[in-house]
Every structure is written in C-alpha cells, then in structure tokens.
Amino acid sequence: MNPSLKLLLLLLIALEISFTTIVSLNIALVLLAALYLLLKGTKFKTLGWLLIVPLLPAIGLWSTQYINGSGDKTLMAWVLFTRIYAFVFTGATFTLTTNILQLADALEQNWHLPSKFAYGVLAAYNLVPKIQHEVQIIRAAGLMRGQQLSFWSPQLYFKAILVSINWSQNLAQAMASHGYVEDAPRTHYRQVRLRLRDWLILGLGLSCLQLGVFVIPWR
Amino acid sequence: MATIALNNLTFTYPQAVAPTLQHVSLTFTSGHFTLLTGPSGTGKSTLLKLMTGLLPLDDPAAIQYDQVNLSAIDQTDRAAKVAMLFQNPNQQFAMDTVENELVFALENRQVDPTQMAARITAALDFVGISALRQRKLLHLSGGEKQKVALAVIVAMDSDVILLDEPFASVDPTARASLLRRLVQLRDKAGKTIILADHDLTDYQALVDDVVKVTPARNIVPVTVAQRPALFQAFEQRVSTTTTWPQPTSGQPAFKLHQLALTQGQHQLLQPTDLTLFQQHVTLITGPNGSGKSTFFEALVRLHAYQGRISYAGQDIQRLKRRAYARQVALLFQDAETQFLNITVQEELAQSQKHAAGTYFTTARIQQALAQLNLAGRDEQVIYTLSEGQKKKLQILLMLIMQPPVLLMDEPLKGLDLASINALVQLLQTTLAATQQTLVIISHQLTGLTPLIDYHLHFDQQQLRYQGVPHES
Amino acid sequence: MKWAKSWTLSDVILIALIGIFFGAIFMGTNYLYDVLTAALTPFGLAGLANELLLGIWCMPGMLAGYMLRLKGSATLGELLAAVVEMFFGGQWGAATLISGVLQGFGSELGYIITRYKHYDWLGLTASALTTTIVTFGWDLAKNGYLKLQLWLLVLYLVVRFISMFVFGGVLTRLITDLLDRSHVLKSTHTN
Ligand SMILES: Nc1ncnc2c1ncn2[C@@H]1O[C@H](COP(=O)(O)OP(=O)(O)OP(=O)(O)O)[C@@H](O)[C@H]1O
Ligand SMILES: Nc1ncnc2c1ncn2[C@@H]1O[C@H](COP(=O)(O)OP(=O)(O)OP(=O)(O)O)[C@@H](O)[C@H]1O
Ligand SMILES: [Mg+2]
Ligand SMILES: [Mg+2]
C-alpha cells in the first residue's frame, strides 16, 4: 500500500480510538495488526517485545483510572489499557514494514512536499547513530573538565546545538555539491504510485472502523 | 571541458574585519590538474567554496567558467560544470546507502530514471568500488567514503572537480588509489581538477600546475623552477624519523590485555597485550584511519572493545565514570569539543576551579597565556578564535586540569612552528613539575621530538613499540 | 506555500538534527520516567511522571520557535523530532505524530498570539501556557483525563505547566542566551 495513505489511515485510526471507549474494538485492532505483521513475516520475538514495552505505562494508566477515576472506573481503566496496545500494534504495522525513505518518496512524489523537507530530514535521520555517540562525547568532555552535564544543564543542549549548526551547514553544502537545488524539479528513480487500490483500502479500512465504532454494539 | 578564470576576486566573510582573499587574478587551464597549497587558515577552502558557488560573490564577473559568470549559470546546471569533494567525509551524504546517494545526485541532475542504473554501475566500476553499492555509508571507512564521493562526481559527469583536502582522513593506500583515478579522469575524460592539500607528498609527478596562497591573501602560480624546493620539504620529512628506546620497566599506567578494536565490521586492532608507562611521554603514530583515535576512545570508555584495559591495576569498566574522568582525560581532536563556556576567561576559571592539582596558579596561567601568545584575550568569545588559537587554548585548559594521565589527539593540528615550539616548551616545564603521564597521537613530529620517551606505531591492526630493543 | 519558501535546506536539517540530539539526550531520562511511573502506580498517580517530564519532550518545538524565529518553526521542530522518533525506536507509532503536531502547534500558538514579536519572557510564558493547554486538551481524550477526579486534573494541569515553563521556558532561555553570547547563530538568528 502507498506509504502516505497507510500513514493517513493509521493516523485516523489513532485519532478515532482516542475518542472512543470500546475495549473490544481496541482488542480487535491489536489482533488484526498482529495478524498483518505475522503475514508480513514479523518474528514472534518482535511481537513479544511489542507486548512488553508498553506494559508499564499501560498499567500506570489503568491504575490511575481504577483508583482516581470518576464514573465507570473499571471500564475506563481497561479502555486505556487496551488503547495503548492498539496504538503500539497499529503503529508497528507502519514502522516495521515501511522505512523513512519510502515515506519521504511518497510525500515528495504524491503530495508534492517540497523536497528540502524530505531530504533535509533524511540527511539528519541518517546521522542518528553518530548523534548518539556525539552526546556521549559531549558528556565525557564535560566530566573531564570537572562538570557533570545532566539533562537539565543548558551547556549540554548548547553544545548539541553548536554541533547541529556545524553539521547542518556541512550537509547542506555537500548536498548542493551533489546537484541538489531547493525547489528545482527532479526526476524519480524509485517511483511511488498512488493507485485506486490504495484509496479503496483506505476507504474500506475506515468503513470497517466505523462499523466497529457505531454499528456493532459489543463493548 | 572548462577553463576557469578568477578576475580580481576579493572576498570578505560577513563578520570578518579583513578580506580572506584579495585581488586574486588567476586562470585554471582546462584539462589540467592543479594543486592548491598554502598554510592552514589562509583561504583555500574559501576559494573552493567560492568556485562552487557555495559562498556569495559581490562581483559576479570575478569567477568565470569559459567566459560565463558563475552566477549566470543556472543553479541546476552548475553541478554539471563543477562538483566538490569535501575534507570531512562524515557529513557529505544525504542518503543511507551508496546506491541511494548516487540516485539522489542523478535525480538532482534530472537524469532519465531508465539510464540511472547503468550510469551508477559505470561510475562505481570506474572508481573500483562496485562491491560497496548496497553498503550503508555510515559503515564505510574514511577512505571508502571519499571514493564514494568521487563516484558521485563521476556519475554526475561534472567538468570541473574541486577537492578540499580530500585525503585528511584517508590511509596511504586509499590515497594512492584515489590519486590514480583523478589522473585517469584528467587524461581519459579531460576533466579539470583542482585539489587543495597541506601534505604535498606524491604530487610532483602528477600535477600540471601548482598555485599557492600568499601572505598578501593573493594566489599565485608556483613556477616549475620553484617546485622542487616546495616538494622536497615533504620527501625529507618522511626520511627524518628519530628513534626512541623501547621501554624496559617502569610503573604501568595502562595495561592492555588481549585488547581488540573494531569499527562496525572493520577490525582495527588484533588482540594485543601492551603496557603504557606512567610519568613518561608516549607517542603514537600511524596512518590515517588505522584506529588511533578509536584506541583513545576505548581508553576513556567512549568506544566498546574486546579484552581488558586496566588503569593503575583496576579494570576501567569497574571505575566510576566521574572519578575516572578526573584521572584520565582526553584532548579531543576537535578543539571545540572541549569548550563548555563562552569567553576565554570563563574557560580558564572553570579549569582552575576543578583542577586536580595546584600547579597552575593564576600567575602561572598568565605566564602560559603570554607564552602561547594568547594574552589579553580574556573577554574574547572562544568561538571567534582562529583554529590555531582554539587548539592552544584547549591544550592549556587541559593542562590546568592537571589529570594524572592526559591523552592528546593531534595536539599540533593547525599550528604554525612558533606556536609548536612555545607549546612544547610549556609542556616540558609543566611535566617536569607535575610528573603527569602523556600519550600523544601525532602525525607531525617537527618540534615534538624532545618531549618523547617512547614510540608506539599503529598500523595493519598492530600496535607495537618501535625503536631499539634493550637487552632482555 | 509561502511559509515553505522562507525555510532553507540548512534550516530544515538544523532543526531535524536538534530534534534528534535532544531525543538522544532524553533517552537518558527514560529510566527516570520508568522509575517514577512504577513508584506512583500504586497510588493511581502514574500520570504525574508524565506531567513532570513532558516539558522535556516539548523542548525541541519550544526551542526551535524561540531560536529560529521563523513562522512554523515550533511546529516543524516538534513534528520533525516526532517523525524521527517514530522511525527510530519510538513504540507509539502514529500517536507519536499526532502528539508531535499538537505539542508543536501548542508552542507555536504562544508566538502566534504574541504576533511573533515577543522573543522574551512574555513569548516564552505564552508558549509554555498554550503548549500546556493544547496538550492537556488532547490528553483529556487520549489518556482519559476527562474521567479523572477534579483535584487530580488540577494537579496534573499545574504540574504540567510548571514542567513546560521550566524546560521550555527557563531552560530554553538559558540555552539561547549561551547561543547569543557565542555569536554562532548570527546568520539564522535575525528576522
Ligand atoms: N564562516 C566564516 N566566517 C568568518 N571567517 C571565516 C569563516 N570561515 C572561515 N573563516 C576564516 O577565513 C580564513 C580562511 O579559512 P579557510 O577555511 O578558507 O582556510 P584554509 O586555507 O582552507 O585552511 P585549512 O588548511 O586549515 O583548511 C580563516 O582565517 C578562517 O578563520
Ligand atoms: N562511527 C564509525 N562507524 C564506522 N566506522 C568508523 C566510525 N568512526 C570511524 N570509523 C572508521 O574507523 C577507522 C579508524 O578511525 P580513527 O578515527 O580511529 O582513525 P585514526 O587512526 O585516528 O585516523 P586519523 O589519523 O585520520 O585521525 C577509520 O577507517 C574510520 O573511517
Ligand atoms: Mg580548508
Ligand atoms: Mg584520529
């Protein structure tokens, strides 16, 4: 499916379930998403991981409602508990099967997102591992000067921004030298199509969701 | 094919007081390989950026390609005329893999998608890196990244290729191979090549023209008669290697037990047993990319390793980070990494406040500042200092901290000879009083030799003491 | 698309990088979040951990808005940080994006109502306030806050505002003061 429409569908689902209080719908979404992931060859281990990671916040939300809620505390507690899992599993159907490059291609080609946004973010994204290392270096350098840089120290962010400024200028120049011109037309090697089929899946998905929300009365 | 003319080119950075380049008039001949030299900070990178159109010009006629003003060439066509290969291989790519980067460049050039695969294959073949096609750029070595950058330029088929110290992080083999491709590009494809470098080794037989930046901020050709003198300095530098004795016994600072280092898939060091000695100065040399900086990062726990490193008898993984950082400090390759404040005065005060020893009194600091020609800059913002000044300040700050062990990564980078001598003198007097342990990575040995006790060489995944072995 | 024209490629890369850097720094606070959540769960106050630390997660947007002073910089700063987070280790999927947009727009709103003229404490406070309100509105639905007892809601709201003000206001101001004094932002810090 076209990555941009897939994301749109998932955004709409996430939005809608944020305003509904149907436990069974949340569970159905989790099951559907898990099934989809399995069909796409996702490992059981990954699915297990998806079950464990949100457990703490899910319990936190559950207990908040159960102890300090008003109205039907038990229902709301379970709604929130399952809602977290619905977010995580539907989200995973996107992040585990689509990469940022595919999304950028679709947004650029199908929705005419100015390419500087697509490639600017991609260039930065590809530096993520380097950035994680750089944060360690900044911290270590601080310790060697006798200063602990914690997440509330302005200097830590200041240093990070200095590095960002430096790298952003280098990257922008390098891209210019690779022929990139802002707002200039480009050709596309990886063609991303927006087919009728994609729209149909989007429509179908949304319709099913409405059935689950409004028509089928199971709670 | 393109001839480039500089017509009375003058350029001043927006915030700078004096121009970086002044009244430069020069012609680069089409199909020639030109070497651009000059001391650090004189404007080589600035010139190349101007020629690529990355910096704005006041006078549009100051740079012309085949009699056409650079600014008049449509931006989208510029890449067909001129492309640049940068000094730092790490921030040169927008995409994740080699192939995707090439695709990105060809898309920018609006190449027909059906022709792209063939052009990419040809470019990779030409540079000899077909095997890297699907690799992640992040996992490549510096030399490999520079080859990819060259392949991008080959694929874009730019007439003029500008290279800004392209070999700064490249080992000798990769350097030789890249140079061979450049010569081929000139001879077979008629490309015009302009390359800036400090290290002039190997160029004599390859280049057609040599130009240099003068103290008057001009750029002038170096005549054929003057060239041997220029190049000879580099041939000599290679042959004058001093030897130091191998260490015999002493108090160990670090003990390495079966230490092995990797970067990604790349093995840098085979399992090695080694001792680094206290209260001595050990020099580490080795080609670019051999893993010297990575070794230092391992010593200060910024890089994972196999085997064991112990400091003063204890496994460094067992020590508290904070306490360990006060024992073993690293002088980073990039001076700015070490700064935490804004003005020179603030930095000095911070170091003095947290110093591990008391050697650097206010009077001694003032004296050292004078010695390093940094006096009177107390209120200056450190980020406006020149690279050389930053380096000297960085070293002074770490000396004031007085950690028992100081690891220095390229402390002489970007310094002129006067600064080096002043610095070495400061180090000598300081060490005599503080008995600190120093380990220094340096390519440049001029001026440094009086300081050194032992010499380690890092090459071919081996880290070994050099020099005459003592009776054992 | 006039707003898109005033952004340069290096601006886009810069705020994406800042978002990632901040994200990498915040990763270190995850354990804090976990410990707090676990400790507060038995009292039904787990949300308090979220309220206390939310200001940190809204920092990229608030800082980008204050630092770059371009229309849309707060929204884009937070959105780009969210995009990267979604693909790199974020488990919350599309919900991350929705939160990102709302947080960013919340911060932007503070500058909109001060007409992009108050890059001072007024603007920062307004931004902290609007970020609090907008994100709180979203949590009324998403995290079921609507169904909580009133005293708890008020407590959460106050704590959230304090967090926004401390991290997005005070800390942002301290950081940008350092940047101003360092003279490195001259080129982008005008207009
Ligand atoms: N953006 C800038 N603003 C102000 N001054 C600058 C800027 N960039 C460089 N300079 C100054 O211009 C001078 C020339 O710098 P340039 O980078 O061109 O030197 P270089 O010859 O390439 O040096 P190196 O060999 O060290 O790379 C230096 O004094 C430098 O401090
Ligand atoms: N994050 C990284 N991922 C993969 N490879 C890396 C990374 N950082 C460095 N490398 C590679 O590891 C090798 C060793 O790098 P290192 O910086 O230790 O070399 P060096 O000996 O200090 O070189 P130089 O003399 O240029 O400073 C190089 O080939 C480099 O390209
Ligand atoms: Mg240079
Ligand atoms: Mg190094």
Side-chain angles (χ1 to χ4, degrees), chain A residues 99-101 104 108 115 118-130 133-134 136-149 153-156 158-159 162-163 165-191, chain B residues 49 52-54 75-76 78-80 83-86 88 90-96 100-101 103-113 116-117 137-138 149 152 156 297 300-302 321-322 324-326 329-330 332 336-341 350-351 353-356 383 397-398 401 403:
Chain A
N99 61 39
I100 194 167
L101 180 60
E108 187 196 356
S115 60
Y119 290 97
V121 177
L122 274 178
Y125 179 80
N126 290 324
L127 286 180
V128 169
K130 273 235 165 352
H133 187 59
E134 194 68 25
Q136 285 183 299
I137 288 182
I138 295 173
R139 284 222 155 102
L143 282 183
M144 288 165 190
R145 298 282 313 285
Q147 184 153 8
Q148 182 124 29
L149 295 175
S153 315
Q155 273 120 324
L156 176 60
F158 168 62
K159 299 293 297 181
L162 285 185
V163 176
I165 292 172
N166 194 352
W167 289 6
S168 68
Q169 285 166 358
N170 289 352
L171 275 173
Q173 293 191 338
M175 285 163 71
S177 165
H178 285 184
Y180 179 77
V181 180
E182 285 175 34
D183 307 316
R186 313 173 68 249
T187 50
H188 302 292
Y189 181 68
R190 302 172 297 272
Q191 306 264 339
Chain B
K49 281 182 188 165
T52 334
L54 289 172
Q75 281 215 0
T76 48
R78 267 189 212 167
M84 174 125 128
L85 201 151
F86 295 85
N88 187 338
N90 290 321
Q91 293 121 37
Q92 240 189 125
F93 305 107
M95 308 300 279
D96 53 348
N100 284 342
E101 184 68 29
V103 166
F104 170 70
L106 292 177
E107 288 178 344
N108 295 335
R109 296 288 313 118
Q110 299 180 53
V111 170
D112 181 353
M116 284 185 188
L137 287 160
L138 207 64
V152 171
M156 289 197 305
E297 289 205 342
V300 296
R301 292 173 56 184
L302 279 170
R321 265 187 195 277
R322 198 168 180 174
Y324 186 53
R326 301 190 62 74
L330 172 57
F332 288 91
E336 284 193 10
T337 309
Q338 219 99 39
F339 299 148
L340 291 168
N341 303 287
Q350 163 140 24
S351 274
K353 181 171 157 212
H354 296 283
Y383 297 96
L397 292 174
M398 292 317 288
M401 289 302 299

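To find a chain, count down the sequence lines: A is the first, B the second, and so on, and within it residues start at 1. Quick caveat, the model's predicted, so the values are computed rather than measured.
Of the listed residues (A/Gln136, A/His188, A/Arg145), the one with the most heavy-atom contacts under 4.5 Å to chain B is A/Arg145. Put simply, of A/Ala123, A/Ser177, A/Gly142, A/Pro129, the one with the most heavy-atom pairs under 4.5 Å next to chain B is A/Ser177. Note on B/Glu336, B/Arg109, B/Met401: by heavy-atom pairs under 4.5 Å with chain A, the leading option is B/Met401. Ranked by non-hydrogen atom pairs under 4.5 Å with chain B, the options A/Ser168, A/Ala174, A/Ala176, A/Ala172 are led by A/Ala174. The greatest number of non-hydrogen atom pairs below 4.5 Å with chain A, out of B/Leu137, B/Leu330, B/Thr52, is found for B/Leu330.
Contact annotation for B/Arg326: only side-chain heavy atoms (C-beta onward) come within less than 4.5 Å of a heavy atom of chain A. Heavy-atom distances place the side chain of A/Leu101, and not its backbone, under 4.5 Å from chain B. When heavy atoms are compared at a cutoff of 4.5 Å, A/Tyr125 does not approach chain B at all. With a threshold of 4.5 angstrom between heavy atoms, B/Met95 approaches chain A through its backbone and through its side chain. With a threshold of 4.5 angstrom between heavy atoms, A/Arg139 does not approach chain B through any atom at all. When heavy atoms are compared at a cutoff of 4.5 Å, A/Gln173 approaches chain B by way of both its backbone and its side chain. Of the two parts of B/Lys49, only the side chain, counted from C-beta on, holds a non-hydrogen atom closer than 4.5 Å to a non-hydrogen atom of chain A. For a residue to count as touching a neighbouring chain, one of its non-hydrogen atoms must lie under 4.5 Å from one of that chain's; by this rule B/Met84 touches chain A with backbone and side chain alike. Within the 4.5 angstrom heavy-atom criterion, no atom of B/Arg301 approaches chain A. For a residue to count as touching a neighbouring chain, one of its non-hydrogen atoms must lie under 4.5 Å from one of that chain's; by this rule A/Leu162 touches chain B with the side chain only. For B/Leu106, the part lying near chain A is the backbone, with the side chain staying farther off; criterion is any non-hydrogen pair under 4.5 Å.
Side chains of B/Asn108 and A/Met175 form no contact here, defined as non-hydrogen atoms less than 4.5 Å apart. Considering only heavy atoms from C-beta on, B/Arg78 stays 4.5 Å or farther from A/Val181 through its side chain. Within the 4.5 Å cutoff, no side-chain heavy atoms of B/Thr337 are placed close to those of A/Ile138.
Taking all atoms of both residues into account, the shortest heavy-atom contact from B/Phe332 to A/Ala141 is CE1-CB, 3.7 Å. Summarising the geometry of B/Glu107 relative to A/Tyr119, their closest heavy-atom pair is OE1-OH, 3.6 Å, with the distance given to 0.1 Å. Counting all heavy atoms, side chain and backbone alike, A/Leu171 lies closest to B/Phe93 at CD2-O, 3.3 Å. Contact detail for A/His133 and B/Glu297: the closest heavy-atom pair is NE2-OE1, 3.0 Å.
Using modelled atom types, one side-chain atom of A/Thr187 and one backbone atom of B/Val111 make a donor-acceptor pair closer than 3.5 Å. A donor-acceptor contact shorter than 3.5 Å is absent between the side chain of A/Lys130 and the backbone of B/Leu138.
Going from atom CD of B/Gln92 over to atom CG of A/Asn170 covers 9.5 Å, rounded to the nearest 0.5 Å. A distance of 8.5 Å separates CG of A/Leu127 from CG of B/Asn90, quoted to the nearest 0.5 Å. We find the CD-CH2 distance between B/Gln91 and A/Trp167 to be 6.0 Å, quoted to the nearest 0.5 Å. Rounding to the nearest 0.5 angstrom, the gap separating the OH atom in A/Tyr180 from the OG1 atom in B/Thr76 is 12.5 Å. Atoms CZ and NE2, on B/Phe104 and A/His178 in that order, are 8.5 Å from each other to the nearest 0.5 Å.
Applying the side-chain contact (heavy atoms from CB on, under 4.5 Å) test between B/Asp96 and each of A/Leu122, A/Asn99, A/Asn126 identifies A/Asn126 as the sole match.
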Problem set entry | Stepwise side-chain contact (heavy atoms from CB on, under 4.5 Å) test for A/Met144 and B/Met398 | CA-CA 8 Å; A/Met144 288 165 190; B/Met398 292 317 288; 4.2 Å; yes
Exercise. Which is it for B/Arg322 and A/Gln148 under the side chain to side chain donor-acceptor pair (under 3.5 Å) test, yes or no, and what are the steps along the way?
Worked result: CA-CA 8 Å; B/Arg322 198 168 180 174; A/Gln148 182 124 29; 2.8 Å; yes
